[in-house]
Every structure is written in C-alpha cells, then in structure tokens.
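Written out below as structure tokens is the structure these notes cover.
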Amino acid sequence: MDGEDVLTTLKILIIGDSGVGKSSLLLRFTDDKFDPDQSATIGVDFKVKSLTIDGNTVKLAIWDTAGQERFRTLTPSYYRGAQGVIFVYDCTRKDSFTRLDTWLSEVDTYSTKPTIKMLVGNKIDKEDRVVTRDEGLKFARRHRMLFIEASAKTRDGVEYAFEELVEKIIQTPGLWEHDGGGKKIKLDSEQQPAGLCSC
Amino acid sequence: MTSLVTEALASAGKLAKDDWNTKINKLNSRAYEIKRELSDVIEETYGESLSLEKDADDISKKLTEVRENADNLQNSFATMVSRQLHDANSEFEQLTLQHTKTAALVAALEKLYKVHCSLQSYDKSLQQKKFCDTLAAIKEIAAVLDSVKNTSFHETDMYKSLRIEVTVKRENLNYILDQIWKKSVTWTYPDEDGEGLNTKLSFNLSNENDPIDPQDMVYAMHSSNILSFKIKQFANLGLEKVFTPLIKNSDVKYSTASIATGCSISINKKDGSLELDKNPETHQTEFLPELVFNKVWGVLKFLNDSFLNLKLEKDGDSTLMNMFGNIVCEDIMTLLIDECLEKSVPNSKEELQNYDKITEVVKNFEKSLREIRFLTDEEGSGDLLAFVSDIHVHFANRRSTALVAKARQIMKEDIHETVEINDGGKDDVENFLSRLQEAKSTSSGDDQTLQLIVPGRGSESVGETKTKDILQFPRCRVSRCTQKLVELVYETLHEALTSSNECAMRLIDTVEDIFRLYQCDVPNLHKDALEMLPQVSAIHHNNCHYIAHHLLTVGQQLSSRLPSVMKGLELTFTHHVTAIRKLGEECFMTQMRRQRAQLMECLAPLKNFATETGADKYQMAEKPIKQVMYQLHHLRKVWRGVLPLPMFLRSISALVDSSIAEVVSSICSMEDISSDDSIQLKTICCILQDQLPSIFAKPEDEENVPGIPSDFPFQRSLKKWPRLLEIIFVLDASMREIVDRWADGKGPLASSFTVIETKGLIRALFQNTERRAAAISKIRY
C-alpha cells in the first residue's frame, strides 16, 4: 500500500545552530504545522515523508539533529549514508550564519560519500533580519550549495527547499541508484544471513 | 806392428823383474840387521831386571821375620797391662757411689731443715695474721717437696705425710682468708624471693680486736688463686643488688656511711618503701640520664675508695677494681645503654640538638671510670661513648620506627571519614605546610624551608594556566586518614631536609617504607569494607590517586634541597605512582564488576517475562526495574560528590548502559509478545526513560558549586540510550511506523537495531500475516 512505485529512500539531515528552526521546518514539511513554542530537540528527531517529483515518488528519511551542543550525540551513524544535508541559519542571527563553517566541517568530517548540500535561511518572516539574501547566496555559491530562503511559520519556501534538494539528488548520477537492495552490509556478523533475505 | 809392441812390452817386463830382484835382496839383508839389533837390545834390558828381582825376594823374607817378632812382643804386653787397668776402674766407681750417697743425705737433711723452718714461719706468721708470709711458707714447703718429687725420696712416709701437711696448711689458710673476707665484706639483702629492696654492703676492714691488713689479705688471696672467685661473687652480687636497681629505677638511691669498723653503702628507694614498683614506666616522666650516671659513678667511687683500690700484687699495677671491672663492665655498660641511654634518645630534633649535654656527661663518666681502672682499654672510646656519638643513627632509627608506627595507625583509621579536596579553595595540605613553614622559620630562623609546590596549586608561581590544568587534582573526597598520611609524609620529608645526613637518609627511606606499607596493608586492613561498600572503594580509589598525585611532584622538589651527601642521588617516589594508582583502580573496578553483576541479577527475571502467565505478571516485570533504579540511585548517593565528577559520570553511565542493554536484549529475545505484554514492556521501558535522567541530575547540595553544569547531557555518555528510545517506539508502533522508522536502513531504528533484531521484534509483536511478511521484507538496507 505504501507505493510499490517508490523509487528510493533518501536520507536527509537537517543541521544548524540551536534555535534556527530546524524542527519547525521539518514539522511544517511533514505535518504542515507550526508550533511557536517548539522545544529544543534532544538527541535526534526522525520523520518519514514521501515526495513525488516528476512522476517519481521518493521516500525521505529525515533526521533532525539537536542544535544545542550538549544535546548532540555525535555518532557516525547520523551521517552514514546521508544523501542530502540541509544547513539552516536564522536570518535574524548573525552568529548562526557565521557558525555555518563549523557545521560544514563537521559534515565533511563524518560523511562517507559526497552529499548534496542545501543552505536554508529561515525566519524571513521576521523584520529584524541581519543576514541579507545576497550574503546567503554568496556563501552557498562558495561552497557549492543550493540556496533558498524560507519561513517555517509562513510556509514560504519550505516545500520548495525539500523538492529542490531531492530533485538535485535524483539528477546527480551515482548518488542513489545503487543504494538499495542490501548492497550495504554492516560488518556485524549477525547481519542478514542469506536465507532470511527475502521473506 | 804387433811384434814391435810385443817387443816393447817384453823388454819392459824384463826390465822390471830385474829391478825387483835387487830390491828384495836389499830388503832381506836389512831385516837380518834389525833382528840382530833387537836381540841385542832385549838381552841388554832383561839381563839387568832379573838380578833386581832376586834382591827383592831376599828383602821380603827378612821383613816377614821382623814382623813376627813384633807381633809376639805386642801380645805379651797387652795381656799384662789390661788386667791391671780393670781393677783400678772398679775401685774408682765404688768410691764415687759412696760420695753420691753422702751428698744426697746432706741435701735431704737440708731440705728437711728448710721445711721445718717454713713450718715454723707458717705458724708464726699465721698467728701474726701476716698472710703473705704464711702463704710464702707454704709455697716454700711445696717447692721443696716438688723438687724431690722424682727421686726415691718421695716414696718415703715422711714425704707423704709432709705432702698431706702442706695441703692441710694450705686449706687452713684459705679457710682463714675466706672467713676474714666474709667478715670484711658483708652483704645484707632480703630473701631471694622477696622483691623488696634494702641492700646494704659493709666493709669491716679495720677491726680493732683483730687487726688485719686488707692489702696483705688481698695479696695472699690473689696469690693463692681464691681472689678471683671471691671478686666474681662480689661483682655478681653488686650487679644484681646494686647496679641493676640503681640504673633501672630512677627513684632508687644509694647512701654511704662510715661505721666503726669501716664504711657501708645502702641501696634504698627514695620514699623508703621496700617494694620496687613493678611498672617502671611510671617513673619515666622525668628521666635524666645524668642522675643515673652520677649514681653509678658514686657507687663505683665508693667501692674504689673503700676497698677495690687495693693492689693485687706487690709489684704490679692492677687493683681489685681491674678485676671487678673486667667482670661487670660489660653488663653495666649494657644496662646503662639499654636502660638509660636508649631512653635518652631524643624524640624530636630540638632534643637532638641539646644532646651535647648528655654526650659531655658520658665522656666524663667514661674518663672517671678509666681513672679508677674500672675500664682498662686505653685506646678508643667505650661502648657508652660509641653509643652517644652514634646518637644521630639511634635518633633516626627511633624516628623511623615511630613514624612507621604512626603511619600504620593512620592507615588503620576508617576510610569513610572523608574530607573534600577542592581545588577551588586552598588545599588543606598546603595550608598545613604553610603553617609548618611559618613555625619553623620563626622558631629557628632556618631559611631552608620547603617551597612545596602543592600539586594543582603550585602552578600559580609558574604562571602557566596550562600547567595548572594538568596538575589539578579534581574535586572529590578523600579519607581524612589519607590526608593525614600525606601530611605526615611531607612533615617527614621536611624534617629530612633539615636533618643530618644519616637522619635524612633514614627518614627518606622511612617515607618509602610508608608507601610500601600502604600498598601492602591498606587492602588487607580494610578488606571487607573495600569489597562490600561501594562508597569505600570509591574513596579508596580517590585516596590512591591523591597519594599518587603528591608522589609525582614531591621527589623532584626535594632533590635540589637534599643534604650534600645525597646530592646527585635521584630522589623520586614516582616508581610508586603506577602501583598505587593501580591499587585504587583495581579495587574500584572490582566494585564495578560486583555492581554490574548485581544489576544483571536483578534483571534476570525479565527473560522469563514472555512465558509467565500469572496475574502478577506486570509486577514481575516492574520489580526488576525498580530494583535496578533503586541500586543505581543508591550508587549515585554514595558516589556523587565522592568520586571526581567525570569519573562518577563515566562509572554510573557504564552501569546504566549495561542495564539498558540487558533490558532491551531481554525484550529482543522474546519470541512472542502479546499486545498486553507490549504495553507492559513499554511501561517498564518508559520508567527507565523517565527515571534514568534523575541519576545524572545535579544534586541540591551542589547547587552553589561553580563549574558543574546544571544539566548533564547524559545522552552523550549513554551509548545505549537511543536503543532504549527505539524499543519504546517499536513496542507501541504499527507495522508501518516501524518500517518507516527503519526507512530502508536510513532511519534511527536501523542505527540502533540490527536487521535480525528488528525482524524478530516484528514477528514477536505481530501476527503472521501477508502484511507482516511484506513489512519484514522491507527491513533491509
């Protein structure tokens, strides 16, 4: 019932400083809701959503990571097999923009293969913006990232951001095609004995 | 040609033959001539010798004749003279024998006379109490008798009876001397069994009724070999009755008195009581070695003045005191060392500095003893002086023993009496040291104080914050006794720095001993507590680290300040660091294993949850969780604030992790989980989820302590926390939700659970349907 025509499952990470609106973006995207009192994420949050682009349906496994340093449980398993990473900053907070370098280097450190990166400037509904669209664009271009400005509160750009990212992933050859069907076997010995594969 | 040659040859042979014939003829005539000559010569020579031989024979005949005549004459002469000679000889021998007999008789008579005179002189001198003369008389008789020992004389009755007489006389004299000695030297003391003390020794040397010359008596006794026995007796009594009590008991005194016939000395207790206190320790409050030396000297002087200064031989230097001294000297010295000097060994350095006074006393004492000839060895110093001059060594030994004993006492103290080591404030040891230094520098003006870099604090002088961090000892609690021990060590080392070389060496060795003792003794002394009580093992762990921490730096600081003799010696205690740390760590690890085993034991019933059917099933599932939470909370209570914070978090996290892992794997191993069961299992997991964070919460009493985060991100240190969250999700999720969370191996479920586990959980939770098969087939990477 959940669509035999699903093309693939893509792993998407959302990272960025604490309070920039990562969880809000995810909530808006998956449930089309907004909670002004969204609490800090502890450890990791996870949502699944199907998305159809150009007649192809893909399932997104979206990991929402904790922004607060002390709630982060840094494990390589977060980054393992991620095809897309969404970097979020708060347009009204310069520090969240300048810290992007740190996040970038963390992704570079842990990711195992090339990923599509997208930069999202959140909270454009607010009036006290300090990071201009141009600054964001320049940063994204410098780091070969997709770029979009959005607002989880007003729904602006949210859907579009995910669509854009997925499209780019699908268009990039070698990123997802060979990614299914038990190709990647963990090294644990108890993994997938041959007889149990297709039950 | 041929004929010519032949001719030539024939003529030549003919020629040669003619020549030979002439030559032979010549030779023949020549030989004849020579024969003639030879015959002439022979005739000439042998004709003469023949006549000579004849002459010789004649002479020989005449000679034999003469010899025969001479032989005859000699024979007749010899027989005649030798007979006369023999007669004369035997006559002479007879005469000689007669003469010898007469001479022997005269000698014997002379000797008899001598014996007679001696006997007379014996009686006379004995009457006059001139013992020397008496003895001389006896000796003379004996000498006379000895001189005839090997002659026929000693077979006679007279000789035998004289022999007996001499023996009797000698014994008689000895007896008389013995009596006089007994009268002259009298002891009075209580019975053997009586412990009482009232000994009196009197010398009655000038008895008016019966005047004797003590010197004469001594000569006589010495010369008859009974003196040494007497003196030995006297000396032993003196040692037992006089010197021992005098030296052993400070309140025993002596008093001398002159009596009509001489003088006396009494040994009494000061208060006049007769009983010796059985417990001599009580007297030692005011112990003065000088007093003892004075007493002993006083008694010896008295003995010497009143009696023992008598000479042994007329023309010798030795006195009775020599003899006396030889017998008791060693014992008295031993007594003085054991009972007096040993006690006078100083307990503190101040006393050691004042010890010169005692050295002086001992020096004078020994000198006086030499003067009265109590001590005879001229060269070198006596035992006492040797002891006193080695006082530094004795002092160091005593200090060392005392320190080790003190250290052991400290180690015996309870571990759970703790103090907080907080680097934020001043270290107590440092406080203590600064106090110590103040005291030292004000009291002695000694500028060689120890600039101890107390670990974690000393960096301030260096001014490097980095060093400070490395040297910082984390905030935690250590036993009060451990702190005391470290203080003791610093105190000892400080003392070593300002001590003499021997002392310093000994003290530093002592510190080594203390650390060695710590490693051997503490695990045994507190064996039960260390095994059974988690708090005690945690404190012990801290203690060991605390000691190791101080060990790291103390040696280095000391090396530069060592006394000169040890300069260049590498003084370091760092070789103990690893061992002591290991001691603490192993103890704590054992405790950790114990606790983990206990947690696993609590959780064991969970494995049977699925097969259980009773009404109290829920109870059965909840109970292990409650027990685990209770135990973890208990450990938090006894460890938090005791262990250094990171250590606490690491340890408790490991135990929490183990518990979570056990719970989750128990659930994973269940083959069938009914929906009721899954709700119950979820409930117990939620209890863990809700309550485990409280174990990491900051306790109220740490509210005001800076540097401790109010909310510890425990998720970071709990590796199994995501697994707990995932199992909670799975227990309450639909199949679709599970598959979504797996997300082709890209969801969080996949990072916490394996394919097999997830498939197993789906099979246990859901009925066997096609949908289930489809869901299971999606659990793959």
Side-chain angles (χ1 to χ4, degrees), chain A residues 1-2 4 6-13 30 40-50 58-66 68-84 176 179-193 195-199, chain B residues 653 665 668-669 689 693 696 709-726 729 733-760 762-763 768-781:
Chain A
M1 59 166 268
D2 49 28
E4 289 304 310
V6 169
L7 187 64
T8 184
T9 305
L10 299 177
K11 182 169 178 178
I12 310 289
L13 305 183
T30 55
T41 307
I42 293 172
V44 68
D45 200 6
F46 176 76
K47 287 271 171 23
V48 183
K49 165 121 179 157
S50 292
V58 291
K59 197 156 84 179
L60 301 183
I62 309 166
W63 294 61
D64 173 21
T65 60
Q68 274 190 46
E69 179 66 23
R70 60 201 191 87
F71 289 141
R72 293 180 61 76
T73 50
L74 268 183
T75 51
S77 70
Y78 276 176
Y79 295 96
R80 191 183 295 132
Q83 282 108 341
W176 58 274
D179 194 36
K183 185 111 197 269
K184 241 174 65 183
I185 295 172
K186 279 197 186 173
L187 288 172
D188 300 29
S189 57
E190 72 226 64
Q191 285 292 312
Q192 286 198 332
L196 284 174
C197 239
S198 53
C199 32
Chain B
S653 295
S665 76
C668 283
S669 68
Q689 187 191 12
F696 297 92
S710 58
D711 200 359
F712 173 71
F714 60 89
Q715 298 92 337
R716 290 177 80 174
S717 57
L718 292 181
K719 289 196 183 67
K720 301 290 180 189
W721 185 253
R723 209 164 142 83
L724 179 67
L725 298 184
E726 292 310 310
F729 171 83
S734 67
M735 242 185 301
R736 188 200 162 94
E737 282 170 326
I738 293 174
V739 171
D740 276 352
R741 202 155 176 91
W742 182 265
D744 288 340
K746 287 176 178 150
L749 188 55
S751 56
S752 293
F753 284 86
T754 64
V755 171
I756 293 178
E757 281 172 334
T758 315
K759 283 179 178 173
I762 293 173
R763 280 194 199 100
N768 192 1
T769 59
E770 272 181 36
R771 274 187 57 214
R772 190 181 85 171
I776 286 175
S777 72
K778 285 184 184 141
I779 303 302
R780 58 184 157 78
Y781 291 109

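Keep in mind it's a predicted model, so treat the numbers as computed, not measured. Per chain, numbering begins at 1; letters A, B, ... match sequence-line order.
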B:K746 side chain vs A:T9 backbone, donor-acceptor pair below 3.5 Å: yes
For B:R723, side chain to side chain donor-acceptor pair (under 3.5 Å) partners two or more places apart: B:E757
Lys/Arg-Asp/Glu bridge criterion (N-O < 4.0 Å) met for A:K59, B:D740: yes
NZ (A:K47) with more than 12 external heavy atoms under 6.0 Å: yes
A:K49 atom NZ: more than 12 heavy-atom contacts under 6.0 Å: yes
Gap separating the CZ atom of A:F46 from the OG atom of B:S751, nearest 0.5 angstrom: 9.0 Å
